Amino acid sequence: MTNLNMDDTPFIRFTDVQKTYDGVTLIIKHLNLDIVRGEFLTMLGPSGSGKTTCLMLLAGFETPTRGDVFLDGQLMNTVPPHKRGIGMVFQNYALFPHMTVYENLAFPLRVRKMDKATITDKVARALDMVELTNLGDRHPSQLSGGQQQRVALARALVFEPELILMDEPLSALDKALREQMQYEIKHLHDKLGMTVVYVTHDQGEALTISDRIAVFEDGVIQQLAPPNELYEQPANAFVAQFIGENNRLPGKIKSVSNGICTVALETGATVHAQAVKVDKPGMRTMLSIRPERIWISADGTHPENNPADPEQHQMPQNQLKGAITEIAYHGDHVRIIIQTELSEEFVVKLPSIYDREKINRNRPITIGWNTQDCRALDYQDS
């Protein structure tokens, strides 16, 4: 991951940006976002959340209804796309079918009126970057999907832009190739040091490749953070549910002290959690606990798995009773569904090396979790 100084003067800045197409509905609402030079920032969110519109505003294919977009300190609102010096990679590759790979890469250089020797040199270097050195004379129709995406990436890199925008570039590829290309894109970013703004709806992809992730919903950035912080410390219930799998448990705040709250569940039992956007007794809350952070126990006292500390042999204070209703093997982990005493289903994930003979369908079970692994979020966000 790139080492970033977030105090640097931003290379990209969105200031109070709004966007509407009909004059009524805001697709982008009061967007303020700084991106530093050399950063790999991913805009993540469901369809219609505003992430692609944000990218199009930066590319120049859309103009803000209100607010300003700056690139390297210069106002871009009225600058046409071809004068922004930005490389673009699209979902559908957007290659010219009648041109060879070499000609596709040479095209943006010819538009910039570079001489033949310079074009030949830059095309060769770009093809070498994406490991397609010997395919320059082929047409796109003669390439696999992965090779076409590499060509599209090479064409974006060939004129050595400081900024590359990628709009769902891997969504048309199969799972194995998509994962391979994620690492290749990230390695190229690390090697070349250009700024990348990447749009995707794939949470795993965003977590894999990004320096920071901006999670969009309803035209608003819900959270902007590095991948680990986004996953481990979601700011609200939407982020917790959208990023990875998440167990949710409603309750009411009884007390708050030093960032830890006591929460009353519907059964009358109490649990403890980190207080996030909850600060006074009586507030409704939605608890968030990741499946891999939950312990299970047959007798309610001794954990059969401990995701945090294998040396600890006592169940944590936070507990619920339930029964196993579903078990699924996923290769690297076992996914267990537990029907709890609250009529809430909980998902628990155990490493695949766990002794599955100890897990039986319909077996009574106690689940538990540590206070630091549970976040009490604002119920209104859920």
Side-chain angles (χ1 to χ4, degrees), residues 40-44 47 51-52 55-56 58-61 81-82 84-112 114 116 118-210:
F40 197 125
L41 182 128
T42 296
M43 297 178 177
L44 173 69
S47 298
K51 60 188 187 299
T52 296
L55 193 78
M56 294 300 103
L58 183 53
F61 298 121
H82 68 278
R84 299 193 181 197
I86 296 173
M88 289 284 298
V89 183
F90 298 96
Q91 176 181 344
N92 62 358
Y93 315 136
L95 300 175
F96 298 114
H98 62 286
M99 292 184 181
T100 64
V101 169
Y102 179 94
E103 290 165 342
N104 265 280
L105 268 62
F107 180 79
L109 303 178
R110 288 175 179 146
V111 168
R112 289 166 174 78
M114 294 185 184
K116 187 175 181 180
T118 301
I119 290 173
T120 300
D121 178 62
K122 287 184 177 292
V123 169
R125 278 191 286 163
L127 287 175
D128 183 59
M129 282 182 209
V130 296
E131 299 180 358
L132 293 176
T133 305
N134 299 321
L135 299 183
D137 59 349
R138 295 193 185 182
H139 285 79
S141 61
Q142 297 173 296
L143 303 176
S144 68
Q147 289 172 330
Q148 289 184 56
Q149 192 56 280
R150 282 192 179 91
V151 174
L153 182 58
R155 187 177 60 184
L157 294 169
V158 71
F159 62 94
E160 300 173 3
E162 288 190 276
L163 173 61
I164 293 183
L165 309 182
M166 300 190 184
D167 186 16
E168 302 272 9
L170 308 181
S171 59
L173 305 179
D174 62 58
K175 183 177 184 294
L177 185 55
R178 186 167 66 247
E179 290 176 354
Q180 178 188 341
M181 286 296 298
Q182 289 169 14
Y183 287 107
E184 291 184 10
I185 289 171
K186 186 57 182 169
H187 291 161
L188 278 172
H189 167 258
D190 292 341
K191 178 181 178 181
L192 301 176
M194 71 281 192
T195 307
V196 177
V197 179
Y198 192 101
V199 163
T200 184
H201 64 275
D202 187 314
Q203 301 96 319
E205 187 169 284
L207 292 172
T208 298
I209 62 179
S210 312

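Keep in mind that this is a model prediction, so the values were computed, not measured. For this chain, numbers begin at 1 and follow the sequence in order.
- Summarising the geometry of Met99 relative to Pro140, their closest heavy-atom pair is O-CD, 3.2 Å, with the distance given to 0.1 Å.
- When all heavy atoms of Ala206 and Thr42 are compared, the pair lying nearest together is CB-CG2, 3.8 Å.
- Side-chain contact between Asp190 and Phe40: absent, with no pair of heavy atoms (C-beta onward) separated by less than 4.5 Å.
- When the side-chain contact (heavy atoms from CB on, under 4.5 Å) test is applied to His82, the partners found at least two apart in sequence or on another chain are Pro80.
- Leu105 contributes atom CG, which lies 9.0 Å from atom CG of Leu132 (distance to the nearest 0.5 angstrom).
- By the side-chain contact (heavy atoms from CB on, under 4.5 Å) test, Pro108 is found to be paired with Arg112, Arg155, Val158, Phe159, residues two or more places apart in sequence or in another chain being considered.
- Summarising the geometry of Pro81 relative to Gly60, their closest heavy-atom pair is CG-O, 3.4 Å, with the distance given to 0.1 Å.
- Between Val197 and Met43, some side-chain heavy-atom pair lies under the 4.5 Å cut-off.
- Taking NE2 of His189 as the reference point, atom CG of Leu157 lies at 11.5 Å (rounded to 0.5 Å).
- Not counting sequence neighbours, the partners of Phe107 by the ring-ring contact (aromatic ring centres under 6.0 Å, His included) test are Phe96.
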- Task: May I have the step-by-step check of side-chain contact (heavy atoms from CB on, under 4.5 Å) for Leu143 and Arg150, ending in yes or no?
- Result: CA-CA 10 Å; Leu143 303 176; Arg150 282 192 179 91; over 6 Å; no

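- For residues 93-110, no pair satisfies salt bridge (Lys or Arg N to Asp or Glu O under 4.0 Å), with sequence neighbours left out.
- Pairs engaging residues 127-137 under the side-chain hydrogen bond (donor to acceptor under 3.5 Å, both in side chains) rule: none recorded [sequence neighbours left out].
- For the pair Leu127/Leu135, no side-chain contact is recorded, criterion being any heavy-atom separation below 4.5 Å from C-beta on.
- Minimum heavy-atom separation, Gly85 to Pro161: O-CB, 3.4 Å.
- The minimum heavy-atom distance linking Lys186 with Ile209 is given by the pair CD-O, 3.1 Å.
- A distance of 8.5 Å separates NZ in Lys51 from CG in Asp167, rounded to the nearest 0.5 Å.
- In this structure, Ala106 and Ile119 approach most closely via the heavy-atom pair CB-CG2, 3.7 Å.
- Distance OG1/Thr195 to CG/Leu163: 6.0 Å, rounded to 0.5 Å.
- Here the straight-line distance linking atom CG of Leu177 with atom CD of Gln149 works out to 9.0 Å at 0.5 Å rounding.
- Looking only at distances, a side-chain donor or acceptor of Gln142 sits under 3.5 Å from a matching main-chain atom of His139.
- Judged as a salt bridge (Lys or Arg N to Asp or Glu O under 4.0 Å), and not counting sequence neighbours, the contacts of Arg125 are Asp121, Glu160.
- Scored by the side-chain hydrogen bond (donor to acceptor under 3.5 Å, both in side chains) test, Thr200 finds Glu205 as partners (sequence neighbours excluded).
- The side-chain hydrogen bond (donor to acceptor under 3.5 Å, both in side chains) analysis of residues 171-181, with sequence neighbours excluded, yields the pairs Gln91-Ser171, Lys175-Glu179, Gln180-Glu184.
- Under the rule for a side-chain contact (heavy atoms from CB on, under 4.5 Å), the partners of Gln203 that lie at least two apart in sequence or sit in another chain are Leu44, Phe242, Ile243.
- Summarising the geometry, atom CD belonging to Gln182 is positioned 10.0 Å from atom CG belonging to Leu173; distances are rounded to the nearest 0.5 Å.
- You'll find the side chain of Val130 stays beyond 4.5 Å of the side chain of Val151, heavy atoms only.
- Partners of Tyr183 according to the side-chain contact (heavy atoms from CB on, under 4.5 Å) rule, which considers only residues two or more places apart in sequence or in another chain, are His187, Thr208.
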- Message: Under the criterion side-chain contact (heavy atoms from CB on, under 4.5 Å), I'd like the reasoning laid out for Ile185 against Val89: C-alpha separation, chi angles, the key distance, then a yes or no.
- Response: CA-CA 11 Å; Ile185 289 171; Val89 183; over 6 Å; no

